[in-house]
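Data first, discussion second: the structure below is written as C-alpha cells.
Quick caveat, the model's predicted, so the values are computed rather than measured.
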Amino acid sequence: MRKDWERSCRHWRRRWRGWKRLEHTRELHLVAIKTLKLTEDLLGSVTKTRPQWVRLVSAVDHRVDRALAILRPLAIADHRALLTSLRWPPPLSNLTSSSLDTRKSNEVPNPLFTMQGNLKHQYCENFLALCHLQELQRQRKSRQLEGHNREVALHQPLWAIEELVNPVSVASQRHFSKWIDKPEFIFALVYKITRDYVDSMDELLQPLVDEAMLTGYSCREEWISAMVASLSTYLAKEIFPIYAGQLEEESMTGIRSQARTSWLHLVDLMVSFDKRIKSLVEQSGILLSLQEDGTLQISSLSVFCDRPEWLDLWAEIELAETLEKLKSEMDEEKNWTKKVQGAVLPNSDDYKSPAVGSSIFRCLSSLIDRCRSLPTVSLRSRFLRLAGTPLVKRFLDCLLLRCQEAEGLTALTDDDALIKVTNSINAAHFAESILKEWCEDVFFLEMGLEQGDQLGASVTENSGSEIPIEEYGNGIFHTEIVRFEDFRTEWVEKISVVVLRGFDARCRDYIKNRRQWQEKSEGWTVSKTLVGALDYLQGKMSVIEENLNRLDFTGIWRSLAAGVDRLIFNGILISNVKFHDNGVERFGYDLEVLFGVFRAWCLRPEGFFPKASEGLKLLKMEKKQLQDALAVGEKWMKDNGIRQLSVAEVEKIRKNRVFTK
C-alpha cells in the first residue's frame, strides 16, 4: 500500500513539474505574441505615414513571418498537450448504435465543463493566446492585402476549435469503419457529438474569442462547421468511392443491384442531416454564413463541390427513378381525363389540368427540394439542368405525342380527339403557370442571376460588350416556359383552324347564294343555309368550352371570330354581290344571330367582327349619305365611324348597294 502511495506521489510530482514548465513556456509565448502585436501596430502606422519605406517594412515583415512560423506550431503543441491533460476527446467506446438517439450521454461528461482550478485557467489562457495569434495573423494579412479582395483570403477556420475537432474526428472514424453499410449510424454519431458539446462553445469559449477581439467568429458555428467538414471529408474518401464503384460495375455488367438505392439513401441522409444541423446552428439566433461566392459554409453536401461528376451521377439516378415512378401514371389514360384535385395553384380549377400534370410537378417539386441543400448556386443549377429540365422536356414531348396521335386519327374533326388535345393544352398551361410562379422565387432568381453573369462575361470576352441580364429570360426554366407557350399557341391555332374549316364547309352554299340578297325573305328571319353552320359552330364551341381552360378558350373564340369575320367579308361583302333593301335586312338578321353565338363569351360581340359590322353599317346608310361618298376619303370614313375598312373596300361595298325604294 505504501509503495503504491509513493508511486502515485512521484507521478503527480512529475506532472506538476511538467505543468510548471508548460506554464513558463506559455508565459513566454504570451510575451512573444504581445511583442509581435506591437510590432504589427508599428508596421501598420509606418505603412500609412511612410509609404516610401517599403523595403524596410518588407524586411521587418520577413523577420516577423519567421517568428510566427516558429511560434504558431509551439502554441498549437502546447494547446494539444493541455487537451490531452483534459482527456479530450471524451471516450466514444461506450457509444452503440442503439444509444445514438439519446439526448445526452450521462456516462461521458464534457471535459470543457468539468475542468477546474489551475487546469481551467491554463486552458483558457492558452485558448486566448491562440485567438490572439490568429487575430495577429489576420491583421497582418489585412495590411498586406490592402486594395485586394481581402475577405476571401482573411477568413480561416478558428484554430482553437479545429484543435478540438481533429482528435474527435480521428476517434469517430474508428466507429465509422464498422458502419460502411449502415451510414445512418455515421450521421447519427456526428450529430450527437456535435449537439452534446455545442453548449460549451457558447458558454465557455465564445467569451474568450470576444475578449481576443477576433471579430466575425461564432464558436458555435465554427464547431458545427468543423464537425460537418470532417464528416464530408470522410464521405468523400471512404463512402462515395465505394458507391460510385458499385454503380460503374452495374453499368458495365447490366445487372441491377442495390447501388442506386444505396446512393439515394445516402443523399437522403445527407439532406436530413443538413436540415438538423441548420436547426442546431440557428438555435442561438445566428443565421448560416455565406462565403463570398454564395457558398453555404455548413453542408455535408459540399462533397459535390470538388467532385461534380458525383453530382451528375446523382442527378442521373434521380431522373431515372422519377421517370420510372411516373411511367405507370402517364400510361394510365384516366389520369389524362381526371382533373387536378386541390389548390395546387391559386384558381387552379381554371386550368382544368389532368391529374397527370399534378403528379409530374409533385415529383419535380421533390427534386427541387432535395437540391436546395446543395451549398452553391452553381451546383443547384447544374443539378436541376440534369434532373429537372429533362423531366419537364419529357412531359412536353408526351403532350406533343398525344396531340399528334389525335390529329393523325381524325384530323381533330371528332369530339374525342378535340377533348384529347384540349386536355394536353390544359396540362401545358398548368405547367407553364407553375414554372413561371417558381421562377419568381429567390431560389430560382439566384440561378438566373448567376446564369446571366456567366453568359454576360462570356459575351464580353468575345465581343467586348455587356448584355443586360434581362435578356436571359426567366432563368433555368426559361426555355421550357417558352416551349410550353409555343405548344399552346400552336394547338390552340390548330383547333381554331379545324373549327373554322368545318364552319366554312357548312356555310359554302350560304356564301355562294348571291341571289338571296336580292330576294324578299319568306318568313325566316335568318337564312336557312346558315342555320346548319351556326349549329355546328355552337356545338363545337360547347365541347371546347367545357374541356378547355378559360384563357386558351378565350384565344380560340377570338381567333374564330376573326376568321368568320374575314370569311363573311371576303366571301359576301366584297365579292361583287348586289345588295337590295331586303337583302340588307336579311344580312342584318344573319349577323345578329351570328353575334348571338358569341354573346355567351362577351358583351359586344360585334366588336370582334369589325369588317362585317362596318360593312353592314355601310349597307344600312341612306342613299344620299352613300352618294356623298363618291369622292370617298379618310375624312368621310372618320366622320361616319368607318375605321376598319380601306378606301377601296368602302368604294366596292358602296357600288354594290342597290336601292329599290
Item to check | Evaluation steps, side-chain contact (heavy atoms from CB on, under 4.5 Å), between L205 and I161 | outcome: CA-CA 9 Å; L205 303 184; I161 299 297; 3.9 Å; yes

Checklist entry - Tell me, do W438 and L364 make a side-chain contact under 4.5 Å, heavy atoms counted? => result yes

Checklist entry - How many angstroms lie between SG in C219 and CG in L214, if you round to the nearest 0.5 Å? => result 8.5 Å

Item to check | Side chain to side chain, V209 and Q206, heavy atoms closer than 4.5 Å | outcome: yes

Next on the checklist: Within the structure provided, determine whether L374 and C371 are in side-chain contact (heavy-atom separation under 4.5 Å).
Outcome noted: yes

Checklist entry - What about the rings of Y234 and F240, do their centers lie closer together than 6.0 Å? => result no

Checklist entry - Going through the distances and angles, do Y197 and W88 end up as a ring-ring contact (aromatic ring centres under 6.0 Å, His included)? => result CA-CA 12 Å; Y197 299 105; W88 183 273; 5.5 Å; yes

Item to check | Parallel, tilted or perpendicular, as decided by the 30° and 60° cut-offs, for the rings of W263 and Y243 | outcome: tilted

Checklist entry - Can you name the nearest heavy-atom pair linking P157 to E162, along with the distance? => result CB-OE2, 3.5 Å

Item to check | Exercise: identify the closest heavy-atom pair between A160 and F127 | outcome: CB-CE1, 3.2 Å

Next on the checklist: Given 3.5 Å as the limit, does a donor-acceptor pair link the side chain of S365 with the main chain of F361, or not?
Outcome noted: no

Checklist entry - Could you go step by step and tell me if S373 and D274 meet the side-chain hydrogen bond (donor to acceptor under 3.5 Å, both in side chains) rule? => result CA-CA 7 Å; S373 296; D274 282 355; 4.9 Å; no

Checklist entry - So, do L112 and Y123 sit near enough that their side-chain heavy atoms are less than 4.5 Å apart? => result yes

Item to check | Flag if over 12 foreign heavy atoms under 6.0 Å of CG, D369 | outcome: yes

Item to check | Closest contact, heavy atoms only, E184 versus L269 | outcome: N-CD1, 3.6 Å

Next on the checklist: Is any side-chain heavy atom of R260 closer than 4.5 Å to one of E316?
Outcome noted: yes

Next on the checklist: Tell me whether E203 at atom CD has more than 12 heavy atoms from other residues, nucleotides or ligands lying less than 6.0 Å away.
Outcome noted: yes

Checklist entry - In Å, rounded to the nearest 0.5 Å, how long is the span from CG of L158 to CE of M201? => result 10.5 Å

Next on the checklist: Do K120 and L204 have side chains that approach each other closer than 4.5 Å (heavy atoms only, starting at C-beta)?
Outcome noted: yes

Checklist entry - Is the charged tip of R372 near the ring of F443: under 6.0 Å from the six-membered ring centre and within 45° of its axis? => result yes

Item to check | Pairwise side-chain contact, N110 with D196, heavy-atom cut-off 4.5 Å (strictly under) | outcome: no

Checklist entry - Would you call Q258 and Q246 a side-chain contact if the rule is heavy atoms closer than 4.5 Å? => result no

Item to check | Taking every non-hydrogen atom, the tightest pair across S172 and I193 | outcome: OG-CD1, 3.4 Å

Next on the checklist: Could you walk me through whether Y217 and D210 satisfy the side-chain contact (heavy atoms from CB on, under 4.5 Å) test, starting with their C-alpha distance in whole Å, then the side-chain angles of each, then the deciding distance to 0.1 Å, before giving a yes or no?
Outcome noted: CA-CA 9 Å; Y217 282 96; D210 296 339; over 6 Å; no

Next on the checklist: To the nearest 0.5 Å, what is the distance between CD1 on I76 and CG on L83?
Outcome noted: 11.0 Å

Next on the checklist: Distance check, rounded to the nearest 0.5 Å: F273 atom CZ versus S232 atom OG?
Outcome noted: 8.0 Å

Item to check | Distance-minimising heavy-atom pair for V198 and R220 | outcome: CG2-CG, 3.7 Å

Item to check | side-chain contact (heavy atoms from CB on, under 4.5 Å) evaluation trace for K278 with I298 | outcome: CA-CA 8 Å; K278 181 181 178 183; I298 304 177; over 6 Å; no

Checklist entry - Distance from I186 atom CD1 to Q173 atom CD, nearest 0.5 Å? => result 9.5 Å

Checklist entry - Which heavy atom in C305 sits nearest to a heavy atom in L379, and how many Å separate them? => result SG-CD1, 3.7 Å

Checklist entry - Going by the angle between their ring planes, with limits at 30° and 60°, are F383 and W314 parallel, tilted or perpendicular? => result tilted

Item to check | Atom pair CZ/CD1 of R380 and I476 - distance to nearest 0.5 Å | outcome: 10.5 Å

Item to check | Full working for side-chain contact (heavy atoms from CB on, under 4.5 Å) between T84 and H79 | outcome: CA-CA 9 Å; T84 303; H79 194 74; over 6 Å; no

